[in-house]
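Following: one structure in structure tokens, then a few remarks.
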Amino acid sequence: MKTDAHLSAVPLQSWLRIQREAPPLGERAEALRQALLGCPQVRQAWYLAWQPASRTYAQVDGGPRLPPGMGDPLEASDEALFAALGEQSSLTFDALRRLPCWLAGRLRRAALHHGQALALQLQPGQPGVLLLQVDEAAGLEWLPWLRELLVQMVELASGLARSAPLLSADPQPALLLDAEARLLESNASLQALLGERALAQVGELLPVNHLPLVRACLEQCRAIEAVEAQDGERILIWSFVPDVAERRVLARCREATREIREQREAARARRLYRLITENTTDLISRHTPGGVFLDASPACWTLLGYWPEELRGMAVDGLLHPQDQLQQAKQAREALEQDGYHTMTYRIRHRDGHYLWFETASRAIRETYTGAVVEVVSVSRDITARIQAEENKRRLEDELAHTTRLITLGELASGIAHEINQPLAAVVNYASASQRYLQGVGGDPAAVDKVAQGLARITEHANHASAVIKRLRAFLRKGQRRMQALNLAEVAREAVRLCNWEAGAAQVAVSDALPDNLPPVFADRVLLEQVLLNLLRNAIEANRDQHPGSASQIRLQAQEREGSLMIRVIDQGPGVSEEQLGKLFTPFYTSKADGLGLGLSMSRSIVEGFGGSLDALPAEGGGLCLECRLPLGRED
């Protein structure tokens with residue numbers, strides 16, 4: 001085996017640190033024993049100190065005790081061994097066992113035969129012997145080399161303690177280097193930094209260019225600070241201080257792994273923030289709790305026509321639309337104070353004077369201890385194009401809804417004419433009868449009462465015709481949506497009345513199971529009536545196709561569920577297949593020969609515009625159930 005392989009396996013750094021601290025001999029001996037047991041080839045170790053009074057070697061470590069020697073203890077003596085070790089620094093166990101000494105008997109009784117006794121002085125003026133029992137497969141030739149290493153380390157530890165008291169007391173890892181960057185001295189903190197590595201590997205801790213640094217330090221007579229070195233995952237910061245008179249340099253270091261990584265992360269974060277703020281199309285801004293600009297990203301020029309330095313110190317409220325100033329600003333401050341986060345949509349004035357629609361998400365920055373809001377960070381984007389597109393879409397839907405109402409009115413024309421003709425015919429009949437009664441009023445006193453009854457009937461039927469026309473005009477009106485709280489049962493029954501004649505012609509009865517105490521819903525009355533009329537007419541047609549020439553029924557049901565009001569129109573028609581169910585609300589999809597395929601698609605768009613939903617599902621016992629969910633009416 002190679003000698004280096006044995007020596008490299010001995011973790012002596014920890015022992016050296018203890019040796020330099022100059023503890024009692026027993027602690028030095030135990031530390032050395034523990035260090036040597038770290039070598040795989042060493043089976044056991046003992047350290048014995050020379051006792052001049054008894055002329056014997058006494059065990060001073062904390063290891064297993066050696067048995068007593070042979071013969072009379074009063075006659076015990078190790079003088080032969082002491083003399084032999086004075087002539088040669090190491091003896092094999094076999095050679096020691098042949099000496100006439102007390103320790104030879106102790107080795108024989110302990111059955112120790114493969115190892116060596118090494119002369120070693122751990123404490124000045126205190127000779128001693130180190131007994132090493134090694135594995136039988138290991139040779140003994142490396143043990144003298146180990147002894148030389150231990151002697152040098154003892155001398156080094158003693159020398160450092162004498163020559164550099166300040167160095168040894170330095171809490172920071174430190175070492176002395178000569179002009180060629182060779183190690184002269186080091187302290188315990190440096191040994192701790194090395195860990196299990198040998199002192200000769202100290203160069204692994206130093207900067208890769210430490211030799212030029214040492215030379216520059218001495219030549220220029222100046223300290224060199226903050227030099228970074230990498231030791232695996234650790235980052236060390238070194239300082240080099242020259243001692244020109246002695247031609248040496250004091251090198252001190254500190255571990256700065258966390259500090260450097262945090263600095264690098266902070267630098268990366270700053271760079272990323274700068275890249276984001278300088279290149280994003282959104283406006284990133286900082287504000288006081290009162291809404292005054294502290295800073296803004298360069299996007300403010302593109303979006304608002306102001307440079308960041310122009311916005312600093314400007315109040316945000318001054319840029320808001322007058323209708324948004326009071327309410328929006330107040331809501332934002334209250335939400336930020338309470339929740340720490342707020343998103344709002346509002347109008348803001350461009351430098352040129354026109355207004356843009358903005359959407360802003362803001363987050364409050366709080367003081368650590370008091371929790372008070374000290375700053376607000378906001379991200380804003382221009383949503384003018386989106387708002388305009390939504391408005392154009394809403395107008396297009398309203399136009400399309402009006403068109404479908406006209407189509408529906410055309411399809412219901414015969415029923416509407418019948419509903420108007422009936423009261424008009426009654427008016428004519430009662431008017432004719434009243435005229436006849438007026439001619440004979442002189443001879444028939446009861447004729448006056450009959451004329452009065454006729455006039456009352458005329459008024460009743462005329463009012464009915466007027467109500468029908470008024471209802472049709474309301475249904476056909478064209479204008480902006482008017483969202484309001486509505487009685488769903490009332491609107492549904494109005495839609496039923498509009499399609500009563502069509503239902504009667506198809507022998508379809510509408511079963512009204514709507515409760516009278518339903519909570520109000522929030523919608524536009526005309527559009528909601530159009531939706532319900534579409535659902536009813538689809539159900540009437542489905543029943544007519546399934547039950548031609550015979551009576552059938554449509555059920556109207558409603559109930560409150562999960563914060564919304566649900567109304568169902570359930571028919572007794574043929575139902576639809578799974579494939580057709582997924583296409584019912586697709587624009588221009590229809591199973592009718594003369595249908596446009598816009599009724600259900602338009603109805604779903606209208607309901608979703610209210611914040612609700614419209615779905616289809618198979619009904620129990622066949623047929624189709626169209627389920628409309630509407631948001632509950634809100635209090636103003």
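For clarity, every value in this text was computed on a predicted model and none was experimentally measured.
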Item to check | Qualifying residues under side chain to side chain donor-acceptor pair (under 3.5 Å), relative to Gln507, sequence neighbours excluded | outcome: none

Checklist outcome for this item: On a heavy-atom basis, the closest approach of Ser552 and His547 is CB-CD2, 3.7 Å

Checklist entry - Would Glu529 and Arg497 pass as an ion pair if we require N to O under 4.0 Å? => result no

Checklist entry - Any side-chain heavy-atom pair from Leu528 and Val521 closer than 4.5 angstrom? => result yes

Item to check | Qualifying residue, where the test is side chain to side chain contact (heavy atoms under 4.5 Å, CB included) with Leu535 and the options are Leu626, Ile540, Asp571 | outcome: Leu626

Item to check | side chain to side chain contact (heavy atoms under 4.5 Å, CB included) partners of Arg264, counting only residues at least two apart | outcome: Glu228, Ile235, Ile260, Arg268

Checklist entry - Do Val496 and Leu556 have side chains that get closer than 4.5 Å, going by heavy atoms? => result yes

Checklist entry - Do the side chains of Val373 and Glu337 get nearer than 4.5 Å, heavy atoms only? => result yes

Checklist outcome for this item: Shortest non-hydrogen pair, Gly573 vs Asn543, comes out as N-OD1, 3.4 Å

Checklist entry - Which value, rounded to the nearest 0.5 Å, describes the distance between Asp231 atom CG and Leu193 atom CG? => result 6.5 Å

Next on the checklist: Please determine whether side-chain contact (heavy atoms from CB on, under 4.5 Å) holds for the pair Leu624 and Val576, giving the CA-CA distance in whole Å, both sets of side-chain angles, and the decisive distance to 0.1 Å.
Outcome noted: CA-CA 7 Å; Leu624 186 68; Val576 295; 3.9 Å; yes

Item to check | Residue pairs fulfilling salt bridge (charged side-chain N to carboxylate O under 4.0 Å, His left out) with at least one residue in residues 358-372, sequence neighbours excluded | outcome: Glu359-Arg386

Item to check | Qualifying residues under side chain to side chain donor-acceptor pair (under 3.5 Å), relative to Thr257, sequence neighbours excluded | outcome: Glu255

Item to check | side-chain contact (heavy atoms from CB on, under 4.5 Å) evaluation trace for Leu205 with Arg234 | outcome: CA-CA 10 Å; Leu205 304 180; Arg234 295 188 300 189; 4.1 Å; yes

Item to check | For the student: nearest non-hydrogen atoms of Leu533 and Ala495, plus distance | outcome: CD1-O, 3.7 Å

Checklist entry - How long is the span from the CD1 atom in Ile567 to the CZ atom in Arg629, to the nearest 0.5 Å? => result 13.0 Å

Item to check | Contacts of type side chain to side chain contact (heavy atoms under 4.5 Å, CB included), residue His321, not counting sequence neighbours | outcome: Gln323, Asp324, Arg347, Tyr355

Checklist outcome for this item: salt bridge (charged side-chain N to carboxylate O under 4.0 Å, His left out) pairs touching residues 512-523, sequence neighbours excluded, are Arg493-Asp512, Arg493-Asp516

Item to check | Side-chain touch Leu518/Asn487, heavy atoms, less than 4.5 angstrom | outcome: no

Item to check | CG-CG distance between Asp382 and Leu283, expressed to the nearest 0.5 angstrom | outcome: 10.5 Å

Next on the checklist: If you compare all heavy atoms of Cys625 against all heavy atoms of Arg568, which two are closest, and at what distance to 0.1 Å?
Outcome noted: SG-CD, 3.6 Å

Item to check | Residues that Glu490 engages under salt bridge (charged side-chain N to carboxylate O under 4.0 Å, His left out), provided they are two or more places apart | outcome: Arg525

Item to check | Pairing residues for Gln263 by the side chain to side chain donor-acceptor pair (under 3.5 Å) criterion, not counting sequence neighbours | outcome: Glu259

For residues 307-320, which side-chain donor-acceptor pairs fall under 3.5 Å, sequence neighbours excluded?
residue	atom	partner	partner atom	Å
Glu310	OE1	Trp307	N	2.8
Glu310	OE1	Arg351	NH1	2.9
Glu310	OE2	Arg351	NH1	2.8
Glu310	OE2	Arg351	NH2	2.9
Arg312	NE	Asp295	OD1	3.2
Arg312	NH2	Asp295	OD1	3.1
Asp317	OD2	Arg333	NH2	2.9

Expected list for residues 608-621: side-chain donor-acceptor pairs under 3.5 angstrom, two or more places apart:
residue	atom	partner	partner atom	Å
Asp615	OD1	Arg604	NH2	3.3

Checklist entry - How many angstroms lie between atom CG of Leu486 and atom CG of Leu565, to the nearest 0.5 angstrom? => result 11.0 Å

Next on the checklist: For the CG atom of Leu336 and the NE2 atom of His287, what is their distance to the nearest 0.5 Å?
Outcome noted: 10.0 Å

Checklist entry - Side chains of Gln559 and Gln557: does their closest heavy-atom pair fall under 4.5 Å? => result no

Item to check | Check: Gln572 and Gln553 side chains under 4.5 Å, non-hydrogen atoms | outcome: yes

Next on the checklist: I'd like to check the salt bridge (charged side-chain N to carboxylate O under 4.0 Å, His left out) partners of Glu334; sequence neighbours left out, ordered by chain and number.
Outcome noted: none

Checklist entry - Can you name the closest pair of heavy atoms from Leu632 and Gly563 and give their distance? => result CG-O, 3.6 Å

Next on the checklist: To check you understand the geometry: which heavy-atom pair defines the closest contact between Leu514 and Ala492, and what is its length?
Outcome noted: CD1-CB, 3.7 Å

Next on the checklist: Suppose we screen for side chain to side chain donor-acceptor pair (under 3.5 Å). Which residues come up paired with Tyr306, at least two apart in sequence or across chains?
Outcome noted: none

Checklist entry - Is there side-chain contact between Val377 and Ile365, with at least one heavy-atom pair below 4.5 Å? => result yes

Checklist entry - Say you draw a straight line from OG of Ser380 to CG of Leu303; how long is it, rounded to the nearest 0.5 Å? => result 8.5 Å

